[in-house]
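Note that ligands are numbered from 1 as they come in the structure, with each ligand's atoms numbered from 1 the same way.
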Amino acid sequence: MKAVIPAAGLGTRFLPATKAVPKEMLLVYDRPAIQYVVEEGLASDADEVVIVNSHGKKAIEDHFASDADLEALLRERGKHAYADSVESVGAMPVKFVYQDEALGLGHAVLCAAEETADEPFYVLLGDVLVPGNDMLPAMQKVSDEHGGASVIAVMPVPDEEVSRFGVIAGVEVEPGVWKVDSLVEKPPLEEAPTNLAVFGRYLLTPRTMELLRDVKPGVGGEIQLTDALDALLREEEMYALVVSPEDGFDTGTPESWLATNIALAKRAS
Ligand code: UTP
């Protein structure tokens, strides 16, 4: 089973910073955002972490490459803790595949199809952090309890923010676990079936990859993962695990990135 991390997006909402620095490389408290995500993938039962990158975002690859010269220099200067941190990040087993045009999240996931083969796979958005590394195991447990079904993480959002998110409709089958009937993109509050927003962690069956191949470009000309999940829902059961706002952080906008930095810094102090 693979953990797929899409990280090839344009980071438009961070421009002009993301002209030169990939959004996923922005520092969150003490390490680049994507390092948390890779650590989470490695801590899970996935046997490999696959980053979907674009050739224009080389800094991500540089971060996970070994740097023997820097390490040696730091050791020579007695800075062993820093040398260890350089060594450990360079030794993280990460594979790269490429999406050279940002054609949407669905398309990015599809770029990893050869890697996931016919197995279920995780998708971890490269700008969404789960520092406790405990969400994927909880999702796997729900999947195991429901015949290997797909499971998506959802987070309650305040009513006034519902219209900014994709939310689920469905029924709660046990505390904190919903059987999903449909996904509703950015509903006005009065039409929102729930306030449970799709959060950026997915455990998906191999059928999702097949369905993604047939998804036509939707909003903004992008191939949306949500469209493949809609198609999947017509064929298979899908569950949603409700996660708490303290467990996960979206760093996709300057405001949410800053709030995440503050939250993690407070947690560390
Ligand atoms: P986002 O929509 O948050 O990232 O996608 P983005 O597209 O880079 O941001 P904006 O909207 O332009 O500001 C969530 C994750 O999916 C990746 C992104 O890199 C991010 O980590 N992604 C998105 C891709 O890999 N390819 C895409 O075509 C789109």
Side-chain angles (χ1 to χ4, degrees), residues 2-28 31-41 49-64 94-116 121-131 135 152-155 157 161 164-166 183 185-186 197-202 204 208-209 212-213 215-229 248-260:
K2 312 291 177 207
V4 177
I5 305 179
L10 295 176
T12 319
R13 287 166 292 173
F14 274 94
L15 284 168
T18 42
K19 273 182 78 200
V21 182
K23 170 172 74 170
E24 296 79 5
M25 283 300 296
L26 294 174
L27 191 71
V28 177
R31 54 207 122 132
I34 197 164
Q35 187 178 327
Y36 291 88
V37 186
V38 166
E39 286 169 353
E40 182 191 352
V49 170
V50 180
I51 294 181
V52 183
N53 198 14
S54 88
H55 285 102
K57 295 171 82 168
K58 194 169 168 291
I60 296 179
E61 267 163 78
D62 290 346
H63 184 66
F64 292 104
V94 180
K95 178 162 190 178
F96 287 91
V97 298
Y98 295 93
Q99 181 201 33
D100 272 323
E101 205 181 336
L103 293 176
L105 178 58
H107 181 261
V109 170
L110 188 57
C111 289
E114 263 187 43
E115 308 303 320
T116 61
F121 57 97
Y122 295 116
V123 176
L124 295 74
L125 298 193
D127 58 349
V128 171
L129 315 188
V130 179
M135 207 173 280
I152 60 177
V154 292
M155 190 178 274
V157 294
E161 290 177 24
R164 290 175 29 211
F165 294 95
L183 300 164
E185 225 16 83
K186 303 192 169 85
V198 178
F199 168 71
R201 292 294 179 269
Y202 308 77
L204 301 172
T208 319
M209 280 294 184
L212 265 174
R213 286 182 220 281
V215 172
K216 302 277 171 290
V219 186
E222 294 195 340
I223 295 179
Q224 307 286 349
L225 181 59
T226 310
D227 290 344
L229 298 185
F249 303 91
D250 178 3
T251 68
T253 65
E255 296 77 17
S256 66
W257 169 83
L258 187 58
T260 306

Taking both backbone and side-chain atoms of [X], is any N or O found less than 3.5 Å from an N or O belonging to ligand 1?
X: Gly104; answer: yes
X: Phe14; answer: no
X: Ala8; answer: yes

Only counting residues at least two apart or in another chain, list the ones meeting ring pair (Phe, Tyr, Trp, His ring centres under 6.0 Å) with Tyr98.
His55
Counting non-hydrogen protein atoms only, what is the nearest one to [atom]? Give residue, atom name and distance.
atom: atom 24 (C) of ligand 1; answer: Gly9 N, 3.3 Å
atom: atom 17 (C) of ligand 1; answer: Pro6 O, 3.6 Å
atom: atom 8 (O) of ligand 1; answer: Gly11 N, 2.8 Å
atom: atom 2 (O) of ligand 1; answer: Arg13 NH2, 3.7 Å
atom: atom 14 (C) of ligand 1; answer: Asp127 OD1, 3.7 Å
atom: atom 26 (N) of ligand 1; answer: Gln99 OE1, 2.7 Å

Whether the Asn53 and Gln99 side chains hold a donor-acceptor pair (N or O, under 3.5 Å, no angle test) is what I'd like checked.
no
Residue pair Glu222 / His107, side-chain donor-acceptor N/O under 3.5 Å
no
Could you check whether any side-chain heavy atom of Val52 comes within less than 4.5 Å of a side-chain heavy atom of Ile5, counting everything from C-beta outward?
no
Nearest non-hydrogen contact with atom 10 (P) of ligand 1 belongs to which option: Ile60, Thr12, Asp250, Val4?
Thr12
Using a strict cut-off of 4.0 Å, indicate which atoms of ligand 1 neighbour a heavy atom of Ala102.
28 (O)
Subset of ligand 1 atoms that lie under 4.0 Å from at least one heavy atom of Gly126
21 (O)
Please work out whether any backbone atom (N, CA, C, O) or any side-chain heavy atom from C-beta onward of [X] is under 4.0 Å from ligand 1, and answer side chain, backbone, both or neither.
X: Leu103; result: backbone
X: Lys23; result: side chain
X: Glu24; result: side chain
X: Ala108; result: side chain

Which residues satisfy the side chain to side chain contact (heavy atoms under 4.5 Å, CB included) test with Ala33, sequence neighbours excluded?
Val28, Leu129, Thr251
What distance separates Leu258 CG from Leu26 CG, expressed to the nearest 0.5 Å?
11.5 Å
Considering all protein heavy atoms, does one lie under 4.0 Å from atom 5 (O) of ligand 1?
no
Among Glu61, Glu114, Glu115, which residue meets the salt bridge (Lys or Arg N to Asp or Glu O under 4.0 Å) test with Lys95?
Glu115
Within 45° cone and under 6.0 Å: Arg201 NZ/CZ vs Tyr122 ring
no
Specify the closest pair of heavy atoms between Arg213 and Ala113, including all atoms of both residues, with the distance to one decimal.
NH2-CB, 4.1 Å
Heavy-atom closest pair, residues Asp250 and Thr260:
O-OG1, 3.6 Å
Backbone N/O of Asp127 and side chain of Trp257: donor-acceptor pair under 3.5 Å:
no
